[in-house]
Amino acid sequence: MLSNVHILGIESSCDETAAAVVEGTGEVLSSVISSQLDIHRIYGGVVPELASREHLRNIVPVVREALGQAKLRYSDLSAVAVTAGPGLAGALLVGITYAKGISFAAGIPLIAVNHLDGHIHAVMLDARRQMLEIEMPALALIVSGGHTHLFFANTDGTYTLLARTRDDAIGEAYDKVAVTLGFGYPGGPVIDMLAAHGDPGRKQFTIPSMKGNTLDFSFSGYKTAAIRWRDAHAKAGEVEARRNLLSTTPSPTLEQWLELTPQATLDLLASFQKTAIDNLEANCRAALERTDARSLIVSGGVACNSALRERFLGGAVPVPAYFPAPRLSTDNAVMIAAAAIPKFDRGEFSNFNLDAEAGLRLDTGRPYAESTAGSR
Ligand code: KG4
Ligand code: ZN
């Protein structure tokens, strides 16, 4: 019945301009992602103004390409879904404005999707493809450069927020530790690769745990610990050598990194990664004890991490864990179209007053009243 439903998804919340067409059955007809990594890399993080400018430049060709790959015209679409938040306001606006235009011109419904709901649906879509059934209710852990959230996913498709970061997101910690030590941006993939060559037991990261009975996370201490270690061990020359490598070689190979990275630094990276993952595991285990969740869904860019996958898929938590394929873990538009399918079924459409909401919450559907730290 749903094979004649074609949803165009658009994602522009951070530094990826993405569009995809997904059938009502969950079949992915196309997925196009234009990454701005090379633009933001030299600044060591995403520059919001540059992100908006690049989205403006890319949105038209990216959407056209997604339709072309799916061999569809605008008139074949059933709905257009777009990320409404959380994210960078200016970046979100580019996607939202374009989606409104398509909705108006093609006379099809507009569906607003929460970016975090998208990340969770990436896992559900992948599980469905592999004929796996995720037992509900579930815990949903979203770990990326902008988010570290732990939700209780109810059977009726609603969410309860159990925990979030009080400061930096875990991906932000990877990125900041990497920049501090001369490994460039983004830090996740390179630290993932190099930590496998270090001994996590040789240098202990001492990160204060959150006080009280909270399940919240805190990741800002990792960067400070990395700076202290770098300065206490006179690592300026070593860090400079790696920065020089990056200035001539934007994506060094493992061998090139290893040549410039002594064992003590590899041990530090391994220790950082182990401590951060220990943190995630401890809070997930505590949340599982407090709830009747029957499975654990993990998504977001950091869900690409091999040590995290190995740990959680290897039985670290007492329920089955589910991760999306790496290409669906980082930001993409397939997940936005996938999250829109149940909304399309329920007729949950938006009107043209839809606005970008930088701090949009997944549980209440409204913005955070307080600081948006960790909720982008
Ligand atoms: O989901 P995403 O593409 O964008 C945001 O919504 O933030 O996640 C990007 C983040 C970056 O912080 C990046 O360093 C991290 O995901 N990341 C990883 C890995 N691959 C990407 N972190 C750890 N290990 C990885 N393999
Ligand atoms: Zn994301």
Side-chain angles (χ1 to χ4, degrees), residues 9-18 31 33-37 40-41 43-46 48 51 83-88 91-92 95 113-123 140-149 164-165 168-181 183-196 219 222-223 251 254 269-270 272-277 279-280 297-312 323-336 338-339 358-360 362 372-376:
I10 297 179
E11 154 66 34
S12 70
S13 67
C14 191
D15 59 345
E16 259 99 29
T17 319
S31 176
I33 302 174
S34 167
S35 172
Q36 305 176 4
L37 254 187
H40 300 288
R41 206 189 294 273
Y43 300 99
V46 178
T83 307
L88 303 168
L92 288 163
V113 172
N114 185 301
H115 182 80
L116 304 183
D117 200 20
H119 275 304
I120 292 169
H121 276 269
V123 188
L141 175 68
I142 299 167
V143 280
S144 73
H147 323 281
T148 308
H149 286 69
R164 65 174 181 136
T165 181
D168 290 352
I170 182 168
E172 211 174 339
Y174 268 94
D175 295 338
K176 286 179 175 173
V177 167
V179 168
T180 298
L181 297 176
F183 292 103
Y185 171 86
V190 58
I191 293 182
D192 187 356
M193 182 166 74
L194 294 178
F219 288 103
Y222 291 81
K223 177 193 168 191
S251 301
L254 172 63
L269 295 179
F272 154 68
Q273 175 160 284
K274 178 183 179 302
T275 315
I277 296 175
N279 229 246
L280 294 180
I297 291 169
V298 188
S299 193
V302 181
C304 293
N305 187 268
S306 47
L308 176 64
R309 283 176 180 253
E310 207 172 288
R311 176 97 67 101
F312 279 24
F323 286 73
R327 70 178 183 288
L328 288 181
S329 294
T330 46
D331 289 349
N332 64 85
V334 170
M335 67 185 201
I336 302 305
L360 188 64
L362 178 57
T372 55
S375 64
R376 131 177 116 76

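As the structure lists them, so they are numbered: ligands from 1, and atoms in each ligand from 1. Because the structure is predicted, anything quoted here is derived from the model rather than measured.
Counting heavy atoms under 4.0 Å from ligand 1, residue Asp331 touches it through both backbone and side chain. With a heavy-atom cut-off of 4.0 Å, Asp175 touches ligand 1 through its side chain alone.
If you number the atoms of ligand 1 from 1 as listed, the ones under 4.0 Å from a heavy atom of Gly146 come out as 7 (O). Near Pro186, meaning under 4.0 Å from one of its heavy atoms, ligand 1 places the atoms 14 (O). Atoms of ligand 1 lying under 4.0 Å from at least one heavy atom of Gly145, given by number and element, are 5 (C), 7 (O), 8 (O), 9 (C), 10 (C), 12 (O).
Atom OH of Tyr222 and atom OG1 of Thr275 lie 5.5 Å apart (nearest 0.5 Å). In this structure, OG1 in Thr165 is found 9.5 Å from CD1 in Ile170, a value given to the nearest 0.5 Å. Atom CG of Asn114 and atom CD1 of Ile336 lie 8.5 Å apart (nearest 0.5 Å). Distance CZ/Arg164 to NE2/His149: 5.5 Å, rounded to 0.5 Å. Atom CD1 of Ile120 sits about 6.5 Å away from atom CD1 of Ile297, to the nearest 0.5 Å. Summarising the geometry, atom CD1 belonging to Ile191 is positioned 8.0 Å from atom CG belonging to Asp175; distances are rounded to the nearest 0.5 Å.
Proximity of His119 to ligand 1 is established by a heavy-atom distance of less than 4.0 Å. By the 4.0 Å heavy-atom criterion, Cys14 is excluded from the residues contacting ligand 1.
The shortest N or O to N or O distance between Thr330 and ligand 1 is not below 3.5 Å. Residue contacts with ligand 1: Glu172 is placed with no nitrogen or oxygen under 3.5 Å of a nitrogen or oxygen of the ligand (distance criterion only). In terms of N/O distances under 3.5 Å, ligand 1 is approached by Gly171.
Across Ser299, Ala178, Gly301, Gly188, heavy-atom proximity to atom 8 (O) of ligand 1 is greatest for Gly301.
Between Leu92 and Ser13, the closest heavy-atom pair is CD2-CB, 3.5 Å.
With Glu11 contributing its side chain and Ala18 its backbone, the two residues share no donor-acceptor pair below 3.5 Å.
Taking the Zn ion (ligand 2) as the apex, the angle formed with NE2 of His115 and OD1 of Asp331 is 90°, to the nearest 10 degrees.
Ionic pairing of Lys176 and Asp168 is present here: one or more N-O contacts between side-chain nitrogen and carboxylate oxygen are shorter than 4.0 angstrom.
Looking only at its N/O/S atoms, His119 has NE2 as the one nearest to the Zn ion (ligand 2).
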